[in-house]
Visitor: 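Sharing a structure with you now.
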Amino acid sequence: MSDTSARVADSTGNWVDTLAPQWARPYLRLSRYDRPIGSWLLLMPCWWSAALAAGMAHDISHLPLTIILFLIGAFVMRGAGCAWNDITDRDLDARVERTRSRPLPAGQMTVKQALAFLVAQALIGLVVLLQFNRFAVATGIASLVVVAIYPFMKRVTWWPQVFLGLAFSWGALMGFAVIFARIDLTALVLYAGSIAWVIGYDTIYAHQDAEDDALIGVKSTARLFGAHTHQALIMFYGLAVMLIGIALASADVHWPAWLALAAFAAHLAWQIARLNISDPALCLRLFKSNREAGLLLFAGLLTDAVMRSS
């Protein structure tokens with residue numbers, strides 16, 4: 001085993017490096033608790049759907065607890081997903097400059113230890129899921145199929161971001177499953193819009209590794225689009241805004257939700273205008289800014305739900 005205090009190359013100076021016990025650092029780094037942006041991006045569609053469904057139901061009495069449970073669930077399940085991803089990708093990660101210092105390829109922990117931490121987090125996620133109705137429990141468990149196959153997609157298709165979108169957007173279905181115990185057309189359209197959003201922001205993220213990915217044969221939409229990334233983002237981000245707008249119209253939302261969608265759209269347009277695919281640091285900043293884009297939309301949907309329940 002190598003030095004467990006050694007830092008991950010693309011995540012230094014965070015709370016794990018400075019505050020966490022040394023023995024815990026590889027586990028926290030494995031599940032990306034040192035960089036929670038992925039958890040926030042997984043959470044956003046959960047919160048969108050919960051607020052939108054509560055507004056449609058004209059009842060926000062259960063919304064605060066649902067929001068908290070989704071928050072806990074998103075963080076632990078993203079942690080479990082990252083552990084699974086690193087277990088399956090440990091040989092590839094060892095060949096990429098940005099990822100070779102992650103705990104598994106760096107030898108800071110064993111695969112058995114990683115699997116044990118994965119199971120522990122998944123059990124916490126199951127406890128959260130069991131707080132909901134049976135339909136929501138079944139819907140949440142169904143997501144594991146997509147989560148399980150996602151890490152392998154970069155080996156077989158140029159579109160692994162689609163499968164990430166299927167997994168990371170699942171929360172768009174969960175809010176309706178929790179509040180209505182069903183998934184209707186509004187939920188499916190919101191889900192489709194979120195998938196388009198994920199394809200866009202993860203394409204930006206993947207440009208950090210495009211050169212290394214080309215050397216080792218890993219596929220991505222970043223490599224597929226290349227110099228045409230801006231045009232592709234216009235298409236996918238535009239599709240995201242359009243589909244989410246259709247979902248909002250179907251839900252008969254009020255003006256705060258529409259104002260939030262406009263702010264969300266403006267943020268995505270700003271990302272496209274700022275993007276330089278040859279600047280990895282900028283790509284990472286723009287990718288991370290999608291948390292703020294998602295929160296803007298959530299704020300409007302939450303305000304709309306409160307207005308409609310009063």
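Keep in mind the model is a prediction, meaning the values are calculated, not measured. One-based numbering along the sequence shown.
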Visitor: According to a 4.5 Å side-chain heavy-atom criterion applied to Ile, Leu, Val, Met, Phe, Trp and Tyr, with indirect links allowed, do L296 and L71 form part of one hydrophobic cluster?
Guide: no
Visitor: For the pair Q108 (side chain) and P26 (backbone), establish whether a donor and an acceptor sit closer than 3.5 Å, ignoring hydrogens and angles.
Guide: no
Visitor: Return each pair, listed once, that meets ring pair (Phe, Tyr, Trp, His ring centres under 6.0 Å) where at least one residue sits in residues 280-308; pairs must be two or more places apart or across chains.
Guide: W47-F298, Y201-F287, Y205-F287
Visitor: Apply side-chain hydrogen bond (donor to acceptor under 3.5 Å, both in side chains) to T229 and list each qualifying residue two or more places apart in sequence or on a separate chain.
Guide: H207
Visitor: Is the backbone of E97 close enough, under 3.5 Å, to the side chain of D212 for a donor and an acceptor to pair up by distance?
Guide: yes
Visitor: Quick check: closest heavy atoms across V156 and K219, and the distance to 0.1 Å?
Guide: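 Smallest heavy-atom distance, with atoms named: C-CD, 4.2 Å.
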Visitor: Tracing side-chain links under 4.5 Å among I, L, V, M, F, W and Y, which residues wind up in one group with L243?
Guide: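 So far as hydrophobic clustering goes, L243 is joined with L185, V189, L239, M242, I246.
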Visitor: Are R102 and D89 ion-paired here, with the side-chain N under 4.0 Å from a carboxylate O?
Guide: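 The answer is no: the pair does not qualify as a salt bridge.
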Visitor: Any idea which heavy atoms bring Q121 and S31 closest together, and the distance?
Guide: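 In terms of heavy atoms, the two residues are closest at NE2-OG, 2.9 Å.
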Visitor: Do R29 and D17 pass the salt bridge (charged side-chain N to carboxylate O under 4.0 Å, His left out) test, and can you show the C-alpha distance, the side-chain angles, and the key distance before you say yes or no?
Guide: CA-CA 9 Å; R29 290 168 181 152; D17 291 339; 2.7 Å; yes
Visitor: Please lay out, stage by stage, how W15 and L28 fare under the test side-chain contact (heavy atoms from CB on, under 4.5 Å).
Guide: CA-CA 10 Å; W15 73 274; L28 296 171; 3.8 Å; yes
Visitor: Can you find a pair of side-chain heavy atoms, one from H62 and one from I179, that are under 4.5 Å apart?
Guide: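 Not in contact.
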Visitor: Would you tabulate the side-chain donor-acceptor contacts of residues 162-176 under 3.5 Å, counting partners in other chains and residues two or more places apart, or write 'none'?
Guide:
residue, atom, partner, partner atom, Å
S169, OG, G165, O, 2.9
S169, OG, S194, O, 3.3
S169, OG, S194, OG, 2.8
S169, OG, I195, N, 3.2
W170, NE1, T139, O, 2.8

Visitor: Does W270 CH2 have over 12 foreign heavy atoms under 6.0 Å away?
Guide: yes
Visitor: May I ask you to test the M44-W48 pair for a side-chain heavy-atom distance under 4.5 Å?
Guide: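 A side-chain contact under 4.5 Å exists here.
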Visitor: Please walk me through it: do K288 and L284 pass side-chain contact (heavy atoms from CB on, under 4.5 Å)?
Guide: CA-CA 6 Å; K288 288 181 175 180; L284 182 60; 3.9 Å; yes
Visitor: Shortest non-hydrogen contact from T88 to N85?
Guide: OG1-O, 2.9 Å
Visitor: Cluster question for you: counting only ILVMFWY and a side-chain heavy-atom cut-off of under 4.5 Å, with indirect links fine, are L259 and L248 together?
Guide: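 They do not share one cluster, since no chain of ILVMFWY contacts under 4.5 Å joins L259 to L248.
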Visitor: Any heavy-atom pair between the side chains of S220 and K154 that's under 4.5 Å?
Guide: no
Visitor: Is the number of heavy atoms from other residues, nucleotides or ligands under 6.0 Å of E211 CD greater than 12?
Guide: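 Open.
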Visitor: Looking only at heavy atoms, what is the nearest atom pair of L129 and A136, with distance?
Guide: CD1-O, 3.7 Å
Visitor: State plainly whether one hydrophobic cluster holds both I68 and F132, where clusters connect Ile, Leu, Val, Met, Phe, Trp and Tyr through side-chain heavy atoms under 4.5 angstrom apart.
Guide: yes
Visitor: With a 4.5 Å cut-off on side-chain heavy atoms, are L69 and L65 touching?
Guide: yes
Visitor: Can you list everything that forms a salt bridge (charged side-chain N to carboxylate O under 4.0 Å, His left out) with R32? Sequence neighbours excluded, please.
Guide: D86
Visitor: Is there a side-chain contact between M109 and L30 in this structure, where contact means two heavy atoms from C-beta onward sitting under 4.5 Å apart?
Guide: yes
Visitor: Given the rule in the side-chain contact (heavy atoms from CB on, under 4.5 Å) test, do F135 and I183 qualify, once you have shown the distances and angles that lead to the verdict?
Guide: CA-CA 9 Å; F135 182 83; I183 294 171; 3.8 Å; yes
Visitor: I want to know whether F236 and W197 have ring centres closer than 6.0 Å.
Guide: no
Visitor: Could you give me the CA-CA distance, side-chain angles and deciding distance for L144 and M77, then say whether side-chain contact (heavy atoms from CB on, under 4.5 Å) is met?
Guide: CA-CA 10 Å; L144 297 179; M77 291 311 295; 4.1 Å; yes
Visitor: Give me the atom names and distance for the closest heavy-atom approach of V178 to N133.
Guide: O-ND2, 3.0 Å
Visitor: Would one find more than 12 heavy atoms of other residues, nucleotides or ligands at under 6.0 Å from atom NE2 of H230?
Guide: yes
Visitor: Please list all pairs passing the ring pair (Phe, Tyr, Trp, His ring centres under 6.0 Å) test where one or both residues lie in residues 78-103, with sequence neighbours left out.
Guide: none
Visitor: Do you know the tightest heavy-atom contact between L261 and G245?
Guide: CD2-CA, 3.6 Å
Visitor: For H58, does the NE2 atom have more than 12 heavy-atom neighbours from other residues, nucleotides or ligands under 6.0 Å away?
Guide: yes
